[in-house]
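Heads up: the structure comes next, in structure tokens.
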Amino acid sequence: SQLNALVTLTRTGGEHLRRRMRLDASRVHVIAHGNSIIPAAPLPPLKPLKLLYFGFIYRGKGIEALLQALAVMLQDAPALAGACRLTLAGGSAPEMTFGPGGSYIDELRGRISELGLGALIDWALDVPAEQIPGLIQSHHVMLLPYRESKKLALLGAMRGTSGALSWAAACGRGAITSDARAFAEEVAAGNGAIFPQGDTIALAKHLRELCERPALAQIWADNAEQVGLARQWPLTAEHFFHLFTALCRGTSDVA
């Protein structure tokens, strides 16, 4: 109750925290996750569409649902078999990818084989930081099929955003994401699409629509680029500077 201001990355998270902390709405300020300044790059040729999962690779991230959705799409529309490729990229630290069940990456490779997707899947593990922009910009759309942790749900609703989505915006690429966390808000600028977490049929429909209308990737990329420009770190710093300056002056008139 003694806070002068609460800063959150998203409006969704801000509203949940406001209610939980019983704060007046005037004290809540949204300053989006900043991103690096990355030169724009045109999309690769639209055939085939290059789809990218980017993030840590471990159980609970919804990767299995993504593979299942891709298989469903190809089962429903076999003519799209050559329309897209999927890259699974991200960190593979042993403590994350190895558990009681053994190697999760080996488990994924087995699942890919079972679904008959081997010819469509590429891997990019433990990409050095300086190569991340090039990796993302060599693809058309990022896919984030996250599912909310049941264990964390016991502590409350998780309504944060995603570092991967921040990278997508910085690199000028759209995203298809689940409705976990505050992802719906993050692609509300026409820079992607949302599906209910865990709903492989809904995800498959989005994948099919994208493959049948590849021009969507360009629309999403154009809008994502504008989001990225608005969130560059220097501008983010300015937002914090103006907020801190206004608070120090004792005014409630903060943009």
Side-chain angles (χ1 to χ4, degrees), residues 8-10 12-13 32-38 40-41 43 49-67 69-70 84-93 96-97 104-105 108 121-149 152 158-195 197-198 203 206-207 210 217 220-221 223-233 236:
T8 65
L9 297 176
T10 65
T12 304
H33 193 303
N35 54 244
S36 300
I37 300 175
I38 298 174
L43 290 179
L49 278 174
K50 298 183 69 178
L51 311 174
L52 175 68
Y53 166 86
F54 177 67
F56 286 111
I57 297 178
Y58 57 83
R59 294 173 179 83
K61 298 297 283 286
I63 301 174
E64 299 92 338
L66 172 56
L67 296 174
L70 184 58
C84 68
R85 296 190 63 83
L86 170 64
T87 300
L88 298 177
S92 61
M96 294 184 176
T97 59
Y104 179 55
I105 290 178
L108 286 178
I121 306 295
D122 299 306
W123 292 85
L125 301 178
D126 303 317
V127 179
E130 64 273 12
Q131 295 179 19
I132 291 176
L135 169 71
I136 295 174
Q137 291 181 330
S138 68
H139 291 76
H140 297 90
V141 174
M142 187 179 290
L143 304 175
L144 296 179
Y146 290 10
R147 299 188 70 169
E148 299 201 10
S149 167
L152 289 177
M158 187 173 180
R159 292 294 177 261
T161 181
S162 159
L165 273 176
S166 181
W167 274 110
C171 293
R173 294 296 182 265
I176 298 175
T177 82
S178 72
D179 59 357
R181 307 185 189 180
F183 291 174
E185 180 180 331
E186 291 290 87
V187 295
N191 54 319
I194 286 287
F195 68 95
Q197 56 186 296
L203 176 53
H206 280 302
L207 294 176
L210 182 60
W220 293 349
N223 291 328
E225 183 179 348
Q226 295 307 308
V227 173
L229 289 172
R231 294 184 177 184
Q232 291 179 348
W233 277 120
T236 301

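Just so it is clear, the structure is predicted and the values come from calculations on it, not from any experiment.
Note that OG1 of T177 and CD of Q197 are 10.0 Å apart. Values are rounded to the nearest 0.5 Å. Note: Y104 OH to E64 CD = 3.0 Å, rounded to the nearest 0.5 Å. Rounded to the nearest 0.5 angstrom, W220 CH2 and L210 CG are separated by 5.0 Å. A distance of 13.0 Å separates CZ of R173 from CG of N191, quoted to the nearest 0.5 Å.
In terms of heavy-atom proximity, F56 sits nearest to Y53 at O-OH, 2.7 Å. Across every non-hydrogen atom of L66 and P145, the tightest pair is CB-CG, 4.0 Å. Considering every non-hydrogen atom in both A175 and V141, the closest pair reads CA-CG1, 3.9 Å. Closest of all the heavy-atom pairs between L125 and L88 is CD2-O, 4.4 Å. In this structure, M142 and A168 approach most closely via the heavy-atom pair CE-CB, 3.8 Å. For the residue pair Q137 and A41, the shortest heavy atom distance occurs at OE1-CB, 3.4 Å.
Side-chain atoms of D126 come within 3.5 Å of backbone N or O of S92 as a donor-acceptor pair. No side-chain donor-acceptor contact under 3.5 Å links N223 to the backbone of G192. A side-chain donor-acceptor contact under 3.5 Å links R181 to the backbone of T161. No donor-acceptor pair under 3.5 Å is formed between the side chain of R231 and the backbone N or O of T236.
Here the side chains of V127 and F54 are not in contact, with every heavy-atom distance at 4.5 Å or above. Looking only at side-chain heavy atoms (C-beta outward), L207 and L143 come within less than 4.5 Å of each other. Inter-residue side-chain proximity for I176 and L51 is flagged as unmet; no heavy-atom pair is nearer than 4.5 Å. No side-chain heavy atom of N35 sits under 4.5 Å from any side-chain heavy atom of V227. Between S162 and L144 the shortest side-chain heavy-atom distance falls below 4.5 Å. Residues I132 and C171 have side chains not in contact (no heavy-atom distance under 4.5 Å, counting atoms from C-beta outward).
Checking T87, L108, L70 one by one against I121, the side-chain contact (heavy atoms from CB on, under 4.5 Å) holds for a single residue, L70.
The ring pair (Phe, Tyr, Trp, His ring centres under 6.0 Å) test applied to F183 returns Y146, not counting sequence neighbours.
Residue pairs meeting the ring pair (Phe, Tyr, Trp, His ring centres under 6.0 Å) criterion with at least one partner in residues 123-144, sequence neighbours excluded, do not occur; the list is empty.
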